[in-house]
Amino acid sequence: MVDFRKYTDENTFAKIVDYKSVGEMWKNSVASYPDDVAIVDGEALTYKQLDEQVCKMRAALQEKGIVAGDNVGILMPNSTAFAKAFLAITTLGAVAVLLPAHLDAMTVFGCSMKFGLKALIYAPALQEKTAFAAEKNPRLILLDETISSDKPSEIADVDGSAPCCVLFTGGTTGRSKGVLLSHSATMRGVKNGCYGYQHVFGQRYFLVLPLTHVFGLVRNLLTNFYTGSAIYICRNTKDMFKEIAVFKPTIMVLVPALAEMALNLSKQFGRNMLGADLKTIICGAAAVAPYLVREYDKFGVALLPGYGLTESANLVSGNPEALRKADSVGYIYEGMEYKIVDGELWLKGVNMMDGYVGEPEENAIAYEDGWFKTGDLVRMDEEGFLYITGRKKEIIVLSNGENVSPAELETKFGMIDTVQDCLVYETDGVLAVEILPRMAVVKALAIEDVEGHFKAKVNEINETLPAFMRVNKVIIRTTDFVRSPSMKIVRNQNANDKK
């Protein structure tokens, strides 16, 4: 394991410590940074002010009969209310079940039953989605996000092994599942988010990723609170760049599609589109093009790729040397046990999930001898840098029996500066690549024959590949791919309809 100490100063590194629970972390942050701004969502709240509101919500939950171990759903868009609800539930010792705001009424009801929700805290704008659940599940306690009480309520002393939250897997290639994370797993994921860069504590974060996604919750919101930083909640991505210019974040957590958008606007309208003080972008949840690393460096911004899973409380590895190893997801974090079995990454560690909720068959498939089988195909170089080469479930078996990893090919084509994103799949017995051009670069290079350009680039890469891996069909997209709420390409909804 690499020593991440060398990527920051000793004083900062010494402050990156273990907390057994969200409550222990939150108590420390409130005591250490009481008058510092914690969150901005129209109104700015200090750590002390936010804690006072969390305490009132926690007390109100107790008055409604919520006790440690109860499952409490959160159905809200990104907001201060969401943060308050998560902190109130978890510091009570109850379990926060995070329901994406886009779920329909039937699915909300289904989740209330599957996850045994005792209560559901919801945003008023989503009340209609809760009505069906309330009708069909009369034992479910529905609570408005403004629930509050003036009675005193202390943070519970919760053991690290206690359940903390349930998040959904991405579901980009299959059915989404509920992942149960313990307090210690969640906090280890948060701690990992502090490694590999210089400016860690007292930062200004900007939140645009959904808090129901592990990247938004663990690496954005909770790492913000852990480090005594201030987080600005962007409610509408259409206003994202106006708000960035005003708030001037020092660090952002983005998926590649958003990083691409921000880069294009910055090239068109100037550095201030990123905010004058931005130093670091943590980028993940999908493959990060080396082009993004190089181009952000020209603006004085370090874009650092990483790798993680919902099942691992987000963070497994991070790349503190992205300029040197731009196609790698970095070093595996300390405390993470791993082995590579037939090319697949297997993991153990305190940050790993307790299992899929209500999915005994899926759990049996996911584990072997206590090791979690990620389904990700990887390689590691002689320096310990990790590279993702594909997904085991996505392997294409050709008619001649050869196996092809579409992600491995997508990584190769993604190295082309004019390729913004791409998707490889089999159609009519041959391999095809569908390319979303990086049009700003295409125009800057004055490329007139766009289709010819990409066919030539693909052929150049084909020449380096075994015959069975070569792509025979190149399709140029004029619109974006279908994406999940976390901006990943939804492979099944893009590739299958082309067959």
Side-chain angles (χ1 to χ4, degrees), residues 21-23 26 54 57-76 81-101 103-123 126-127 129-145 147 153 155-169 175-187 189 210-214 217-218 221-222 310-311 313 352-360 362-363:
S21 68
V22 172
W26 179 244
V54 169
M57 182 180 282
R58 185 170 60 239
L61 292 175
Q62 290 172 310
E63 290 175 8
K64 294 293 183 179
I66 308 301
V67 298
D70 284 342
N71 288 355
V72 180
I74 300 176
L75 183 67
M76 301 181 198
F82 188 112
K84 283 165 49 180
F86 181 86
L87 290 171
I89 293 166
T90 57
T91 59
L92 172 60
V95 185
V97 180
L98 310 186
L99 305 179
L103 296 182
D104 59 37
M106 181 64 77
T107 306
V108 171
F109 163 65
C111 289
S112 76
M113 299 300 292
K114 177 173 181 175
F115 300 113
L117 299 188
K118 186 170 183 177
L120 174 62
I121 307 176
Y122 65 91
L126 301 177
Q127 185 173 10
K129 295 189 176 187
T130 68
F132 185 75
E135 177 186 348
K136 297 296 183 180
N137 184 7
R139 290 180 294 178
L140 178 66
I141 304 170
L142 290 182
L143 302 171
D144 185 278
E145 66 179 30
I147 182 172
S153 175
I155 292 176
D157 183 13
V158 178
D159 188 78
S161 63
C164 176
C165 58
V166 175
L167 299 101
F168 288 98
T169 57
R175 183 175 59 86
S176 186
K177 300 177 284 292
V179 169
L180 177 61
L181 297 176
S182 68
H183 276 266
S184 57
T186 304
M187 292 315 305
L211 286 173
T212 50
H213 188 277
V214 71
L217 177 76
V218 172
L221 183 73
L222 295 182
T310 309
E311 292 90 340
M352 298 306 297
M353 69 171 181
D354 287 347
Y356 298 117
V357 180
E359 305 275 2
E362 292 285 352
N363 287 323

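Basis for what follows: all heavy atoms, side chains included, without hydrogens, waters or symmetry-related copies.
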Novice: What's the spacing between Ile89 CD1 and Met57 CE if we round to 0.5 Å?
Specialist: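 One gets 8.0 Å once the value is rounded to the nearest 0.5 Å.
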Novice: Search all heavy atoms of Leu98 against all heavy atoms of Ile74 and return the closest pair with its distance.
Specialist: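 Residues Leu98 and Ile74, closest heavy atoms: CD2-CD1, 3.7 Å.
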Novice: Glu63: what forms a side chain to side chain donor-acceptor pair (under 3.5 Å) with it, not counting sequence neighbours?
Specialist: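 Only Ser149 meet the side chain to side chain donor-acceptor pair (under 3.5 Å) criterion with Glu63.
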Novice: Donor-acceptor pair, Lys84 side chain versus Glu145 backbone, under 3.5 Å?
Specialist: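 No: the side chain of Lys84 does not pair with the backbone of Glu145.
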Novice: Of all heavy-atom pairs between Leu217 and Cys165, which one has the smallest distance, and what is that distance?
Specialist: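 For Leu217 and Cys165, the tightest heavy-atom pair comes out as CD2-SG, 4.4 Å.
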Novice: In a table with atom names and distances, give each donor-acceptor pair under 3.5 Å that connects a side chain of residues 131-138 to protein atoms at least two apart or in another chain.
Specialist:
residue	atom	partner	partner atom	Å
Asn137	ND2	Ser112	OG	3.4

Novice: Which pair of heavy atoms, one from Pro100 and one from Leu75, lies closest together, and at what distance?
Specialist: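 So the two residues come closest at O-CD1, 3.6 Å.
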Novice: Do Leu180 and Val95 have side chains that get closer than 4.5 Å, going by heavy atoms?
Specialist: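 Yes - at least one pair of side-chain heavy atoms lies under 4.5 Å apart.
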Novice: What's the separation between atom CG in Asp144 and atom CD in Gln127, rounded to the nearest 0.5 Å?
Specialist: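 If I round to the nearest 0.5 Å, the distance is 7.5 Å.
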Novice: Is there a side-chain contact between His183 and Asp159 in this structure, where contact means two heavy atoms from C-beta onward sitting under 4.5 Å apart?
Specialist: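 They are not in contact (no side-chain heavy atoms under 4.5 Å apart), so the answer is no.
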Novice: Answer whether the closest heavy-atom distance between the side chains of Leu92 and Val72 falls below 4.5 Å.
Specialist: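 Not touching, per the 4.5 Å side-chain cut-off.
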Novice: Looking at CG of Leu181 and OG1 of Thr186, how far apart are the two atoms once the value is rounded to the nearest 0.5 Å?
Specialist: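 Atom-to-atom, Leu181:CG and Thr186:OG1 are 4.5 Å apart.
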Novice: Is it true that a side-chain atom of Asn71 and a backbone atom of Phe115 form a donor plus acceptor pair closer than 3.5 Å?
Specialist: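 Yes, the answer is positive, given that a donor and an acceptor are paired below the 3.5 Å cut-off.
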Novice: Should Thr310 and Lys177 count as side-chain neighbours, where that means a heavy-atom distance under 4.5 Å?
Specialist: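 Thr310 does not reach Lys177 side chain to side chain.
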Novice: Could you tell me which residues satisfy ring pair (Phe, Tyr, Trp, His ring centres under 6.0 Å) with Tyr356, sequence neighbours excluded, listed by chain and number?
Specialist: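 With sequence neighbours excluded, Tyr356 shows a ring pair (Phe, Tyr, Trp, His ring centres under 6.0 Å) to no residue whatsoever.
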Novice: Please tell me if the side chains of Phe168 and Leu99 come closer than 4.5 Å, counting only heavy atoms from C-beta onward.
Specialist: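 Yes, close enough: below the 4.5 Å cut-off.
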Novice: So do Phe86 and Leu211 actually touch side chain to side chain, heavy atoms under 4.5 Å?
Specialist: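 Sidechains of Phe86 and Leu211: no contact.
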Novice: Which atom names give the shortest non-hydrogen contact between Leu143 and Ile147, and what distance separates them?
Specialist: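 That would be CD2-CD1, 3.6 Å.
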Novice: Closest heavy-atom contact between Lys64 and Ile141?
Specialist: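 Shortest heavy-atom contact: O-CD1, 3.6 Å.
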Novice: Passes side chain to side chain contact (heavy atoms under 4.5 Å, CB included), Leu167 versus Val218? Steps please.
Specialist: CA-CA 11 Å; Leu167 299 101; Val218 172; 5.9 Å; no
Novice: For the residue pair Val158 and Val22, establish whether any side-chain heavy-atom pair is separated by less than 4.5 Å.
Specialist: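 Sidechains of Val22 and Val158: no contact.
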Novice: Among residues at least two apart in sequence or on other chains, which ones pass side chain to side chain donor-acceptor pair (under 3.5 Å) with Thr212?
Specialist: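 Side chain to side chain donor-acceptor pair (under 3.5 Å) check on Thr212 returns nothing, list empty.
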Novice: Run the salt bridge (Lys or Arg N to Asp or Glu O under 4.0 Å) test against Asp157 and tell me which residues pass, sequence neighbours left out.
Specialist: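 Counting only residues at least two positions away or on another chain, Asp157 forms a salt bridge (Lys or Arg N to Asp or Glu O under 4.0 Å) with Lys20.
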Novice: Search all heavy atoms of Met353 against all heavy atoms of Val179 and return the closest pair with its distance.
Specialist: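 Where Met353 meets Val179 most closely, the heavy atoms are CB-CG1, 3.5 Å.
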Novice: Among residues at least two apart in sequence or on other chains, which ones pass side chain to side chain donor-acceptor pair (under 3.5 Å) with Asp70?
Specialist: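 In terms of side chain to side chain donor-acceptor pair (under 3.5 Å), with neighbours along the sequence ignored, Asp70 is linked to Lys118.
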Novice: Do any N or O atoms from the side chain of Thr169 and from the backbone of Ser176 form a donor-acceptor pair under 3.5 angstrom?
Specialist: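 Not at all, since once roles are kept as given, no pair shorter than 3.5 Å links the two residues.
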Novice: Could you check if a side-chain atom of Lys114 sits within less than 4.5 angstrom of a side-chain atom of Val357, using non-hydrogen atoms only?
Specialist: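 In short, these two side chains do not touch, never coming nearer than 4.5 Å.
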